[in-house]
Protein chains: 2
Amino acid sequence: MKKNYEKNMENKKQLIANSILFAGISPDQLAELADISHVKTYGRGESVFFEGDAADGFYKVIEGKVKIFKLSMEGREQILHIFGKGEPFGEVAVFQGRPFPANATVLGKGKLLFFPGPEFIRLVHANPSIALNMLAMFSMRLRRFATQIEHLSLKEVPGRLASHLLYLSEEQRNRDQVTLDIPKGQLASLLGTSPETLSRIFTKMNEEGIIRLQGKVISLLDRERLEAF
Amino acid sequence: MKKNYEKNMENKKQLIANSILFAGISPDQLAELADISHVKTYGRGESVFFEGDAADGFYKVIEGKVKIFKLSMEGREQILHIFGKGEPFGEVAVFQGRPFPANATVLGKGKLLFFPGPEFIRLVHANPSIALNMLAMFSMRLRRFATQIEHLSLKEVPGRLASHLLYLSEEQRNRDQVTLDIPKGQLASLLGTSPETLSRIFTKMNEEGIIRLQGKVISLLDRERLEAF
DNA sequence: AACCTTCCTTGACCTGAATCAAGTTTTCAT
DNA sequence: ATGAAAACTTGATTCAGGTCAAGGAAGGTT
């Protein structure tokens, strides 16, 4: 029915306007974007795209989380990035007009908004403020990647975990306690290690009184020592 | 003398116009840029900036090479990027208005062109084509970082070296032979390993007939096996 | 609630690569 | 050209962490 359709459009407009990328867009362009974008729903662990796929458009997370990752020939996985609610992904490939450089898969279930590429490219070229928004976003990601490279190369696994916990503490604005927002196995893949090693380190930190493990909730008992890793 | 000054200005204009970043700039802006920029000369291994320094401007390589790197607490070094002739660096920090996230040092001697930050920022905001140029550049770097993360985490050192040799072969447009453009120790730091390990792997590949080592020149005898790493 | 599946933990073992040490070669500056 | 310094190689040793294996906990589904 028509009512439903219009409600849906309003919804999409909300989702689009409420993003770093499209902040400051004109009503016309907003309507156009809402018109060409569409919602896709994904079952648990379903793939969004694969490395090498043509980048015919990019996505924005509405519900759930999406991991961007690379696979080794032996099947080991390295997560490059995990995108949460509201975050766009895949724009780099679209902007470059090149295939996706990595795989994307939903963690758990998810709902995404899809934007066809050509229209987006036109928009970026026509609208300098979008280009500037993208620059800001890309800059952030370059920084994040730089730290990831630093950690992978210069820190051992305990240090990487410590950094991540402190990062979560910052993000969740809680100095005493953090909640893991992804399964431990996925965290291992994000930190560039195996689930076994990660588990051992959790246990060790727990025994040494640096943290207190309670399932997905982790109390940071000794920030001093966490920062020293 | 005045003659010299004007010749210098023309020189700078040349250097600026001849860059991906400022392609398509107006003559006025070019003149302005040439006016505010200035050349800096560096002795062998001299630092350009340190991690944490305020990013008061960015640079473009005129002569030599510049390495961007992180240091671990124990003093180990991981090179994030090496910039060669013509390439700009430091714009991310300037654009973000945040401190430099890593150190920059000249490899050998070098000559750089320095652009003060505020003027550059104004230019980016005023000139959409520069913003688009930057987007293209940042996109490339994001891709490179992604591969670097992939290699560090999913490949062992021989594989990383193999990839690098093939990359050089591509870059130098020579399928049979590549020339190392940086010292082996620096290459080790770029690949995230120690000089000792790198040396051993070179020797091994040489013995196994995969490559032939002749100082800085390396013949790729068996691309098949290099690609299989 | 009971099932099945997925996720997590712990143990035993093994290997890639870092580190320390010492010698050799190359490169640079005078 | 020549000595000093830096860069590279090779050997011996150590260890972080990956892999294989198997048991235990948790979570979603009927």
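Protein chains get the first letters and strands the later ones, always in sequence-line order, with residue 1 at the start of each. Since we're looking at a predicted model, the values are computed, not measured.
- Residue contacts shown for B:G192 are limited to sugar-phosphate atoms, with no base heavy atom under 4.0 Å away.
- Note: CG (B:L107) to P (D:dA7) measures 10 Å, nearest angstrom.
- Residues from residues 180-191 of chain A that place a heavy atom under 4.0 Å from any atom of DNA chain C, listed by number: A:P183, A:K184, A:G185.
- Residues of residues 159-169 of chain A that place a heavy atom closer than 4.0 Å to DNA chain D do not occur.
- At whole-Å resolution of the value, CG in B:L154 and P in D:dG17 are 16 Å apart.
- Judged purely by atom type and a 3.5 angstrom limit, A:S72 uses its side chain to pair as donor or acceptor with the backbone of A:E74.
- Taking atom CG of residue A:L152 and atom P of nucleotide D:dA16, one finds them 18 Å apart after rounding to whole Å.
- Between A:Y59 and A:F89, the ring center distance clears the sub-6.0 Å criterion.
- Atoms CZ and CG, on A:F145 and A:L80 in that order, are 5.0 Å from each other to the nearest 0.5 Å.
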Could you list the donor-acceptor pairs under 3.5 angstrom formed by side chains in residues 191-200 of chain A, with sequence neighbours left out?
{"residue": "A:S194", "atom": "OG", "partner": "A:T197", "partner atom": "N", "Å": "3.3"}
{"residue": "A:S194", "atom": "OG", "partner": "A:T197", "partner atom": "OG1", "Å": "3.1"}

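- Classified by interplanar angle (parallel below 30°, tilted 30° to 60°, perpendicular above 60°), the ring pair A:H164/A:Y167 is tilted.
- Annotation for A:K111: atom NZ does not count as buried by contact number, only 12 or fewer foreign heavy atoms lying within 6.0 Å.
- Separating the CG atom in B:D56 from the CZ atom in B:F100 is a distance of 6.0 Å, to the nearest 0.5 Å.
- The CG atom of A:L71 lies 9.0 Å from the CD atom of B:E150; values are rounded to the nearest 0.5 Å.
- Looking at residues two or more places apart in sequence or on another chain, you find a side chain to side chain contact (heavy atoms under 4.5 Å, CB included) between B:N206 and B:R212, B:L213.
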What pairs of nitrogen or oxygen atoms, one from the protein and one from nucleotides 19-26 of chain C, lie under 3.5 Å apart?
{"residue": "C:dT19", "atom": "O4", "partner": "B:R200", "partner atom": "NH2", "Å": "2.9"}
{"residue": "C:dC20", "atom": "N4", "partner": "B:E196", "partner atom": "OE2", "Å": "3.3"}

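- The distance from the NZ atom of B:K13 to the CG atom of B:N18 is 15.0 Å, given to the nearest 0.5 Å.
- For A:Q96, the side chain to side chain donor-acceptor pair (under 3.5 Å) criterion is met by B:R143, not counting sequence neighbours.
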* To do: Please assess B:K70 against B:E51 for the test salt bridge (Lys or Arg N to Asp or Glu O under 4.0 Å), listing each intermediate value before the final yes or no.
  => CA-CA 8 Å; B:K70 290 269 196 175; B:E51 175 170 358; 3.3 Å; yes
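- Here B:T203 does not reach the OP1 or OP2 of D:dT9: none of its side-chain N or O atoms lies under 4.0 Å away.
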Distances under 3.5 Å between nitrogen or oxygen atoms of protein and nucleotides 25-30 of chain D:
none

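- Within the model, atoms CG of B:L190 and CD1 of B:I68 stand 12.0 Å from one another, a figure rounded to the nearest 0.5 Å.
- Taking the salt bridge (charged side-chain N to carboxylate O under 4.0 Å, His left out) definition, one finds that A:D53 meets it with nothing, sequence neighbours left out.
- For DNA chain D, none of the residues of residues 205-215 of chain B falls under the heavy-atom distance limit of 4.0 Å.
- Taking atom NZ of A:K204 as the reference point, atom P of D:dC15 lies 13 Å away to the nearest angstrom.
- Taking 4.5 Å as the limit, every side-chain heavy atom of A:F114 sits out of range of all side-chain heavy atoms of A:S37.
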For residues 174-187 of chain B, which side-chain N or O atoms pair as donor and acceptor with protein atoms under 3.5 Å away, sequence neighbours left out?
{"residue": "B:N174", "atom": "OD1", "partner": "B:D176", "partner atom": "N", "Å": "2.9"}
{"residue": "B:N174", "atom": "OD1", "partner": "B:Q177", "partner atom": "N", "Å": "3.3"}
{"residue": "B:Q186", "atom": "OE1", "partner": "B:K67", "partner atom": "NZ", "Å": "2.9"}

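- Between the CZ atom of B:F229 and the C1' atom of C:dG16 there is a distance of 14 Å, given to the nearest Å.
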* To do: Go through the steps to decide whether A:K60 and A:E87 satisfy the test salt bridge (Lys or Arg N to Asp or Glu O under 4.0 Å), and finish with yes or no.
  => CA-CA 6 Å; A:K60 183 182 156 150; A:E87 296 186 287; over 6 Å; no
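- Each of B:L198 and A:F202 was assigned the nucleotide of DNA chain C with the nearest heavy atom; the assignment lying further toward the 5' end belongs to A:F202.
- Atom CD in A:Q78 sits roughly 14 Å away from atom P in D:dG17 (whole-Å rounding).
- Taking only side-chain atoms of A:E156, from C-beta outward, the nucleotide of D:dG17, C:dT10, D:dT10 with the closest atom is D:dG17.
- When base pairs are accepted only as Watson-Crick or G-U wobble with both N-N or N-O distances under 3.5 Å, DNA chain C takes part in stems of 3 or more pairs at C:1-6 with D:25-30, C:9-30 with D:1-22.
- Under the ring-ring contact (aromatic ring centres under 6.0 Å, His included) criterion, A:F95 pairs with no residue at all, not counting sequence neighbours.
- Shown here is A:K40, whose NZ atom has more than 12 heavy atoms of other residues, nucleotides or ligands within 6.0 Å.
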